[in-house]
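One structure below.
Note that the coordinates shown come from a computational prediction; the quantities given were computed from them, not determined experimentally. What you see below is based on every heavy atom in this structure, not just the backbone, and it leaves out hydrogens, waters and symmetry mates.
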Amino acid sequence: MMKQSYLLGLCVVALLVSACASRPKEFSKNPIVEGWYADPHAVIYDGTYWVYPTYSDSYEKQTFLDAFSSKDLVHWEKHPRIIDTTEVKWAKKCMWAPAALYKDGKYYLFFGANDVHEGEIGGIGVAVADRPEGPYKDLLGKPLINDIVNGAQPIDQYVYEEDGQYYMYYGGWGHCNVVKLKNDFTGLEPFEDGSYYKEITPDKYVEGSFMFKKDGKYYFMWSEGGWGGPDYCVAYAISDSPFGPFNRIGKILEQDPSVARGAGHHSVVNRPGTDDWYIFYHRRPLKERHHNHRATCVDKMEFDKDGKIKPVKITFEGVEAKKTKGFFPAVKK
C-alpha cells in the first residue's frame, strides 16, 4: 500500500512538472500599452515596474502626463493625468520626457514644458508626490532651469545619484549639460570650480540623455537623428567618470524595416539581483507616417564579454513576464 501511494505521488509530481513545462510563456508584446506615447522613462519602485512617457500629440495638446505600472512587464495599469498644466501654472504646452525618482519617502518627477526658446518662460520643472501614481504637485512654482546655456535647450533631463549627490544631465538642440542639484531639488549647486553648467556633448548627440553605472563604468546614452523621422536612434559611450569624456562607441537601437521605424528616446532598467536588463523606448509603426504616431515598447538589452552593449533587436514579442523586487536605480530607504 505504501509503495502504491509513493508511486501515485511520483505520478502527480510528474504531471505537475509536465503541466508547468508545457504552459506557454507570457510576453509583454510591443507596444506595451495602447495609445501614442513617447520618451518612456522606466523605474522599479518597491517591486513594481513604472513607466512615465510623453503623451504624443500636437504641442498644444501635450498638457498632461500619464503613467503606467506593472507587476510582471506584461499586464499594465494606466494612471491618467498624474500631473497637468492646471497644477503647473507656468506650463502651457509641450509637457515632455518625464524623469522619475524616489528619495526620502517622496516621489519626484522632472519634466520639460513649453518647448522654451530664448526669452520665453519654460524649461525643466520638478514635481513631487507621496505615491508613484501621484497626484504630483509643482515643487517650485517656476522652472528649475529656464535659460539656454551652452546652446542646450532645457529638455530631456535625467537625474543620476552618486554617493548622495544628485546630478542632472539634460539638453536638446545637439548640446548636453550636466549640473549638480541641491539636495532638496530646489535649485543648482556649483561645481568645485564655481561653475554651474558643464557641457559634455558627445559626437552626434541630439537629445534624450540617460546614464547608468555597471561594473564601475559609466554608460552615457542619448538619441541621434530627427525625432520625427526614420533615422532616430540611440547611441552610447562608456567612461571612467560621470563627467566624461564620453567618446561615442556607436548605435545600439535603431529601426528595423521589418518591425518599426524611428526607434529612440529610451531609458534602461536592471531587474534587481539579476543580469536582466531592459530598454524602454518609442518607435513608429511601419504603416504610420505622422511624426506624432509613436508607441512605447520594451526589449532586452545585453552586454558582451567586454561590457559593450550589444545591438538591440526590436521585436513584436517584447520581453518575457518577470516579477521583480526592490528599486532600480537602487535607493537607500
Side-chain angles (χ1 to χ4, degrees), residues 37-43 50-67 79-104 106-161 166-173 175-189 196-197 207-211 227 265 267:
Y37 291 97
D39 317 328
H41 182 83
V43 293
W50 287 84
V51 171
Y52 299 87
T54 298
Y55 173 61
S56 189
D57 206 329
S58 61
Y59 287 2
E60 291 72 21
K61 294 180 180 180
Q62 293 177 314
T63 58
F64 63 91
L65 295 171
D66 295 332
H79 305 273
R81 302 186 81 95
I82 61 173
I83 191 170
D84 60 29
T85 53
T86 62
E87 167 59 29
V88 186
K89 304 300 184 184
W90 55 269
K92 305 302 179 185
K93 61 179 181 178
C94 301
M95 293 192 76
W96 287 345
L101 66 87
Y102 170 91
K103 180 179 183 294
D104 299 334
K106 298 289 186 179
Y107 297 87
Y108 292 89
L109 206 63
F110 294 78
F111 57 91
N114 293 352
D115 184 28
V116 68
H117 292 69
E118 195 71 55
E120 299 175 348
I121 300 298
I124 295 170
V126 56
V128 62
D130 293 323
R131 301 186 303 273
E133 69 273 25
Y136 284 83
K137 301 296 182 182
D138 188 5
L139 183 65
L140 303 176
K142 63 180 181 179
L144 174 66
I145 297 180
N146 193 137
D147 297 331
I148 295 164
V149 180
N150 298 326
Q153 187 184 35
I155 61 169
D156 292 2
Q157 64 295 314
Y158 176 69
V159 178
Y160 174 77
E161 182 269 337
Y166 288 83
Y167 301 94
M168 185 166 69
Y169 300 81
Y170 78 91
W173 297 348
H175 293 273
C176 184
N177 292 329
V178 59
V179 297
K180 287 177 68 174
L181 296 175
K182 290 183 177 179
N183 193 53
D184 59 4
F185 302 147
T186 59
L188 308 184
E189 289 186 345
Y196 283 83
Y197 298 84
E207 60 191 13
S209 56
F210 189 84
M211 168 79 83
W227 72 271
H265 204 131
S267 59

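Note that CD of Glu161 and NZ of Lys103 are 9.0 Å apart. Values are rounded to the nearest 0.5 Å. Remark: Ile145 CD1 to Leu181 CG distance equals 7.5 Å, nearest 0.5 Å. Annotation: the span from Asp184 atom CG to Leu139 atom CG amounts to 7.5 Å, rounded to 0.5 Å. Considering NE2 of His117 and CH2 of Trp173, their distance stands at 4.5 Å, rounded to 0.5 Å. The CD atom of Gln157 lies 11.0 Å from the SG atom of Cys176; values are rounded to the nearest 0.5 Å.
When each of Trp50, Tyr136, Phe64 is tested with His79 by the rule ring-ring contact (aromatic ring centres under 6.0 Å, His included), just one qualifies, namely Trp50.
For the residue pair Asp138/Trp90, the side-chain donor-acceptor check at 3.5 Å is satisfied.
What you find for Gly171 and Ala152 is that their closest heavy atoms are CA-CB, 4.0 Å.
Here Phe210 pairs with Tyr158, His266 under the ring pair (Phe, Tyr, Trp, His ring centres under 6.0 Å) rule; sequence neighbours left out. For Tyr107, the ring pair (Phe, Tyr, Trp, His ring centres under 6.0 Å) criterion is met by Tyr45, Tyr102, not counting sequence neighbours. Shown here are the salt bridge (charged side-chain N to carboxylate O under 4.0 Å, His left out) partners of Asp84, two or more places apart in sequence or in another chain: Arg81.
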| message | Determine whether Tyr169 and Asn177 satisfy the following criterion, side chain to side chain donor-acceptor pair (under 3.5 Å), listing intermediate values before the conclusion. | response | CA-CA 6 Å; Tyr169 300 81; Asn177 292 329; over 6 Å; no
| request: Show your working on side chain to side chain donor-acceptor pair (under 3.5 Å) between Asp39 and His265 and close with a plain yes or no. | output: CA-CA 5 Å; Asp39 317 328; His265 204 131; 3.2 Å; yes
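For Lys137 (side chain) and Gly134 (main-chain N/O), no donor-acceptor pair under 3.5 Å exists by modelled atom type.
You'll find the ring centres of Phe111 and Tyr52 outside the 6.0 Å limit.
Note on Asp115 versus Lys93: no salt bridge recorded, every NZ/NE/NH1/NH2 to OD/OE distance being 4.0 Å or above.
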